[in-house]
2 protein chains.
Amino acid sequence: MEDLAPAAAYGHKLPAAMQAFGIVTPCRRGQQIYAREDPVDSWYHVISGLARKSTVFSDGRRRIVDFLVPGDFFGFSARRERDFDVEAVTDGTVVAAFPRRRLEALADTDRDVARLLRDLACETISRLQGRILILGRVTAMKKVGAFLVEMARRSHDATVVDIMLTMSRYDIADYLGLSVETVSRAMTVLQHRRCIELRGNHLIKILRLEELD
Amino acid sequence: MEDLAPAAAYGHKLPAAMQAFGIVTPCRRGQQIYAREDPVDSWYHVISGLARKSTVFSDGRRRIVDFLVPGDFFGFSARRERDFDVEAVTDGTVVAAFPRRRLEALADTDRDVARLLRDLACETISRLQGRILILGRVTAMKKVGAFLVEMARRSHDATVVDIMLTMSRYDIADYLGLSVETVSRAMTVLQHRRCIELRGNHLIKILRLEELD
DNA sequence: CGTAGTCTTGAGTATCCTCAACGAGGGTGG
DNA sequence: CCACCCTCGTTGAGGATACTCAAGACTACG
């Protein structure tokens, strides 16, 4: 029952001149899309599924910098090498790659494309700033609550109450800077307070959104 | 690990066509540059001093999303309203404001400006991602250490060892998501370990950079 | 020189992490 | 089809870390 709707919803927003040379690639769970130190030679668009941008600290801890959902762009960088790894979280994650040179050449001649790229970069900035606010929350409960609200907002379903959390609890922990156990405990507390309802481990229904924030 | 600070890369070579209509404004300590809910009608460039981008949570806690040093651009947004406040931290902070419409019109006709704006947005993305990694650090010591390293890198002095931390400990605490007391304690511990040397409250000399990370 | 804001230090407490064990689900091979 | 394994998720106990509250020292500035 993987959501296919968002792909259709966002695909058509791209200018035809851009879509023409997007290289669509389906990925398996865990498959790497790019790695640290790779050359920055493409920009990417998530068509379906979920991807995670992460890095590993010297002490072995992994930090997830960003989750990428359908409609998100990623891979923006003014540098020559990647700072992070990006992997598909689920089977059936589909991304389109846009060769950087061609895309920038297109932006040079097509002002709509240039504007789109600017807007997409600005969207990324907004997302990361929101992310920083989540990390700035004090308690684990607040962090997990804010995370759920963020994911509800970003899931492109019309209903904001049902969230499909395809990522694992470990991913969530590495995203929020908490231990898996703390994430798990926060979830059960939220459930007992009847703020959320868990149906299986990954389908979550939000009952009282205002309490989460 | 990262490329040079944006200050070095862009600070002194804005295209003449852009500089022509930048509105230069000196600010006093604490003076607001823009506020939440303000219309997004300008982009900004820090010329000197220091600014902070922040928001206040419903529980009254302030979170600083970004410090802005000379050379940084800010105010990028694809939205209509601001999500954050930006204030000058020190007297003598000077920023240049670029009216959004004029700047975007210029970008439409001047591909160098268009590229510059893209690159600047990408720089902001890199900075925010680095920021997320700092917040993801586990202990307060690591956070403060990583903060000092970040500020050393971004200060546009050639010497990377002497940092002028013009912001208060409160600002640092709100930036790192710690209490002021914890920041203060971390500083004294780092000093006792002879990783840093404090001369006055705001001038810091880094003795052993590698230990901070 | 006084005052307000800033910085540091201390004591006690709450929160979260670590370590450990166990249960549930999915995939694989016999 | 079932047994097994492996990953994932949950729960518990104990300990470390950072927060809160409180007080005192220092600084900048009028």
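No hydrogens, no waters, no symmetry mates; every other heavy atom, side chains included, goes into these values. Below, chain A is the first sequence line, B the second, and so on; all start at residue 1.
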Closest to side chain of [X], choosing from [options]:
X: E181(B); options: dA18(D), dT9(C), dC7(C); value: dT9(C)
X: R29(A); options: dG12(D), dC7(C), dC8(D); value: dC8(D)
X: S179(B); options: dC7(C), dC17(C), dC19(D); value: dC19(D)
X: V180(A); options: dT10(D), dT8(C), dC16(C); value: dT10(D)

Are D174(A) and R52(A) ion-paired here, with the side-chain N under 4.0 Å from a carboxylate O?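 A salt bridge is absent here (no side-chain N lies under 4.0 Å from a carboxylate O).
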Assess whether a salt bridge exists between D171(B) and R62(B), defined as any Lys/Arg side-chain N lying under 4.0 Å from an Asp/Glu carboxylate O.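 Between R62(B) and D171(B) there is a salt bridge, with a charged N closer than 4.0 Å to a carboxylate O.
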Any chance you could measure D66(B), atom CG, to F84(B), atom CZ, to the nearest 0.5 Å?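 Atom-to-atom, D66(B):CG and F84(B):CZ are 9.5 Å apart.
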How close or far is atom [atom2] of [N] from atom [atom1] of [X], stated in whole angstroms?
X: M187(B); N: dT6(C); atom1: CE; atom2: P; value: 15 Å
X: M141(A); N: dA14(C); atom1: CE; atom2: C1'; value: 15 Å
X: R185(A); N: dA21(C); atom1: CZ; atom2: P; value: 16 Å
X: D91(A); N: dG26(C); atom1: CG; atom2: P; value: 14 Å
X: M167(B); N: dT6(C); atom1: CE; atom2: P; value: 14 Å
X: D174(A); N: dC8(D); atom1: CG; atom2: P; value: 11 Å
X: L178(A); N: dA16(D); atom1: CG; atom2: C1'; value: 16 Å
X: D59(B); N: dC19(D); atom1: CG; atom2: C1'; value: 14 Å

Spell out, as yes or no, whether a donor-acceptor pair under 3.5 Å connects the side chain of [X] to the backbone of [Y].
X: R118(A); Y: F76(B); answer: no
X: R61(B); Y: G136(A); answer: no
X: R131(B); Y: L128(A); answer: no

Below 30° counts as parallel, above 60° as perpendicular, anything between as tilted: where do the rings of F98(A) and F21(A) land?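 Correct class here is perpendicular.
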Within the 4.0 Å heavy-atom criterion, would you say S184(B) contacts the bases, only the backbone, or no part of the nucleic acid?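 Contact class for S184(B): base.
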Residues from residues 188-204 of chain B sitting under 4.0 Å of DNA chain C, heavy atoms only?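 Here the set is T188(B), N201(B), H202(B).
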Under 3.5 Å, is there any donor-acceptor pair linking the side chain of R61(A) to the base of dT18(C)?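 Flag unset: no donor-acceptor pair detected.
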